[in-house]
Amino acid sequence: MQELVIEIPQGRVSGYCAPGFSALADAFAENFRTRDEVGASFCVTLDGQKVVDLWGGWAQPDEQQPWRDDTVSIVFSNTKAACALCLHLLAERGQVELDGLVTAYWPEFGQNGKSGTTVRMLLDHTAGVPALREPLRADGVFDWDYMVTRLAAEAPFWNPGSRTGYHGLTFGWLVGEVVRRVSGVSLGEFFRREIAAPLGLDYWIGLPQEVEHRVAPIIVHRPGKDAPANAFERALADKTSIAAQYFFNTGGWRPSGFNSRQGRAAQIPAANGVTNARGLAGFYTPLACDGEHAGGRLASVATIDRMSRVSSATNEDATLQVPTRFAAGFMRSMDNRARGLNGAVLGRQAFGHVGAGGSLGFADPQHRLGFGYTMNRMGAGTLLNERAQSLVDATYRILGESL
């Protein structure tokens with residue numbers, strides 16, 4: 001790959017780009033020039049090899065501290081995919097049955113009408129516990145035992161399996177507690193031992209203190225006063241709605257928990273993974289390449305097929321209020337452009353996840369493509385915004401495909 005430097009208003013874009021892929025560097029730089037990007041990273045792999053590895057802008061704009069090659073940030077719901085893969089690896093080893101009952105591994109979860117919930121329902125957002133009704137204590141989100149105890153006791157918002165509603169924060173404890181019960185170690189430790197370390201990823205769920213100095217703090221999106229409210233934002237006005245309970249009852253996560261040492265050190269496997277684009281693309285590279293990586297095999301072809309198949313879809317997600325499509329722990333392409341709604345337009349075989357504010361990682365087995373994009377300035381909407389989507393579109397154009 002060729003080293004490059006591109007001057008931008010926010011300093012510079014640096015990194016490497018393989019011949020024939022300069023259009024992706026141009027698209028990345030354009031986000032800084034015209035789409036208010038502050039600091040970001042972008043990485044693409046094809047057939048197991050990096051073809052783009054870029055970073056640029058400010059990690060801390062007030063101090064004009066540049067985003068460096070090893071800068072990392074919270075990637076929010078991209079963490080769900082990492083959490084889900086842990087469970088799929090246990091299923092591949094015969095230690096978990098995806099269509100078996102959650103109570104086989106976590107007996108307490110069967111309280112208050114949840115006894116028929118299957119493990120797959122936890123993964124595909126149909127389990128019926130996308131939020132908690134009663135207020136969480138102020139620091140509850142940072143206490144694993146407290147959160148799983150509360151979730152075990154919660155009554156479902158719908159009959160499990162009968163409706164799709166994004167489990168924005170609860171997903172991580174629901175899936176992660178099954179992983180913990182079966183494996184005997186925490187979700188973060190299982191992820192480190194079985195996935196991040198073998199793949200050589202700078203990616204943590206529960207950030208070590210020694211990495212703190214590399215973190216770019218998140219810049220929260222502030223909508224303009226005249227910006228029209230979307231359906232999700234309108235739902236927030238009803239404090240009894242699922243959307244409002246998901247968004248506001250967060251036990252210290254919002255509005256500032258994710259920029260605290262406590263928030264990054266805790267294990268919140270739906271939302272507080274810390275990595276960069278290289279880490280996201282590296283996570284998805286073996287999933288795009290039949291499970292293989294330089295050190296061996298991460299997962300079988302059968303496991304990848306099982307985890308990437310659409311297993312729930314709806315025209316109105318009970319939480320997000322937009323059409324959604326989920327595989328078992330992953331998002332599939334959600335093309336909501338005809339409705340004028342937020343979406344995430346990916347390739348036909350692609351599966352991955354969006355993070356709040358617009359970060360994105362995915363695998364596309366058809367093209368043997370791994371993709372990662374992270375940033376510190378959150379954008380509008382509940383799914384992708386134009387910054388990430390422009391990078392996705394540019395990538396597929398190089399592959400000769402129009403989305």
Atom pairs and distances, donor-acceptor, side-chain atoms in residues 150-169, under 3.5 Å, two or more places apart:
from: Arg150; atom 1: NH1; to: Pro135; atom 2: O; distance (Å): 3.4
from: Arg150; atom 1: NH1; to: Tyr146; atom 2: OH; distance (Å): 3.0
from: Arg150; atom 1: NH2; to: Glu134; atom 2: O; distance (Å): 2.8
from: Glu154; atom 1: OE2; to: Arg133; atom 2: N; distance (Å): 3.2
from: Glu154; atom 1: OE2; to: Arg133; atom 2: NH1; distance (Å): 2.8
from: Trp158; atom 1: NE1; to: Thr126; atom 2: O; distance (Å): 3.1
from: Trp158; atom 1: NE1; to: Arg163; atom 2: O; distance (Å): 3.1
from: Ser162; atom 1: OG; to: Asn159; atom 2: O; distance (Å): 2.6
from: Tyr166; atom 1: OH; to: Ser77; atom 2: OG; distance (Å): 2.7
from: Tyr166; atom 1: OH; to: Lys80; atom 2: NZ; distance (Å): 3.1
from: His167; atom 1: ND1; to: Gly165; atom 2: O; distance (Å): 2.6
from: His167; atom 1: NE2; to: Gly128; atom 2: N; distance (Å): 3.4
from: His167; atom 1: NE2; to: Val129; atom 2: N; distance (Å): 3.1

Find out whether [X] and [Y] are in side-chain contact, i.e. whether some heavy atom of one side chain is under 4.5 Å from a heavy atom of the other.
X      : Y      : value
Val185 : Arg193 : yes
Val178 : Leu87  : yes
Val38  : Ile219 : yes
Ile195 : Phe283 : yes
Leu98  : His88  : yes
Phe28  : Ile6   : no
Val102 : Thr118 : no
Phe371 : Val392 : yes

Give a yes or no answer on whether the side chain of [X] reaches the backbone of [Y] with a donor-acceptor pair at less than 3.5 Å.
X      : Y      : result
Ser308 : Ile304 : yes
Ser256 : Asn259 : no
Asn315 : Pro323 : no
Asp139 : Gly251 : no
Gln10  : Phe32  : yes
Gln60  : Pro217 : no
Asn336 : Ala338 : no
His125 : Leu122 : no

Looking at every non-hydrogen atom in both residues, tell me the closest pair between [X] and [Y] and how far apart they are.
X      : Y      : answer
Leu384 : Gly358 : CD2-O, 3.6 Å
Gly372 : Ala281 : N-CB, 3.8 Å
Ala82  : Tyr203 : CB-OH, 3.8 Å
Leu199 : Gly282 : CD1-O, 3.9 Å
Gln245 : Leu132 : CB-O, 4.1 Å
Ala40  : Trp67  : N-CE3, 3.4 Å

Side-chain ion pair, [X] and [Y], N-O less than 4.0 Å:
X      : Y      : answer
Arg278 : Asp202 : no
Arg297 : Asp290 : no
Asp305 : Arg309 : yes
Glu108 : Lys114 : no

Say you draw a straight line from [atom1] of [X] to [atom2] of [Y]; how long is it, rounded to the nearest 0.5 Å?
X      : Y      : atom1 : atom2 : result
Phe171 : Asp124 : CZ    : CG    : 9.0 Å
Met307 : Leu123 : CE    : CG    : 10.0 Å
Leu89  : Thr303 : CG    : OG1   : 7.5 Å
Arg120 : Ser312 : CZ    : OG    : 10.5 Å
Leu383 : Thr324 : CG    : OG1   : 8.5 Å
Met1   : Leu54  : CE    : CG    : 8.5 Å

- Sole residue of Trp144, Phe190, Trp173 in side-chain contact (heavy atoms from CB on, under 4.5 Å) with Arg180: Trp144
- Do Asp143 and Arg137 pass the salt bridge (Lys or Arg N to Asp or Glu O under 4.0 Å) test, and can you show the C-alpha distance, the side-chain angles, and the key distance before you say yes or no? CA-CA 10 Å; Asp143 184 333; Arg137 73 177 197 227; 2.6 Å; yes
- Within 45° cone of Phe326 ring axis and under 6.0 Å: Arg332 NZ or CZ: no
- Does Gln49 CD have over 12 foreign heavy atoms under 6.0 Å away? no
- Task: For Arg12, look at atom CZ and say whether over 12 heavy atoms of other residues, nucleotides or ligands are found less than 6.0 Å away.
- Result: no
If you measure only the distance, is there a donor-acceptor pair under 3.5 Å linking the side chains of [X] and [Y]?
X      : Y      : value
Asn31  : Ser390 : yes
Thr34  : Glu30  : yes
Thr71  : Arg68  : no
Asp238 : Thr240 : yes
Asp364 : Tyr396 : yes
Gln389 : Asp393 : yes
His367 : Glu401 : yes
Thr103 : Ser115 : no
Glu63  : Trp58  : no
Gln209 : Arg261 : yes

- Task: Pick out which of Asn376, Asn78, Thr374, Asn276 makes a side chain to side chain donor-acceptor pair (under 3.5 Å) with Ser359.
- Result: Asn78
- Message: I want to know whether Phe258 and Phe76 have ring centres closer than 6.0 Å.
- Response: yes
- Query: Do Phe362 and His353 make the cut of ring centroids closer than 6.0 angstrom?
  - Reply: no
- Note on the structure: Across all chains, not counting sequence neighbours, the side-chain hydrogen bond (donor to acceptor under 3.5 Å, both in side chains) partners of Arg325 are none
- Query: Is there a salt bridge (Lys or Arg N to Asp or Glu O under 4.0 Å) between Arg93 and Glu194 once you walk through the steps?
  - Reply: CA-CA 12 Å; Arg93 297 167 189 174; Glu194 302 291 339; 2.9 Å; yes
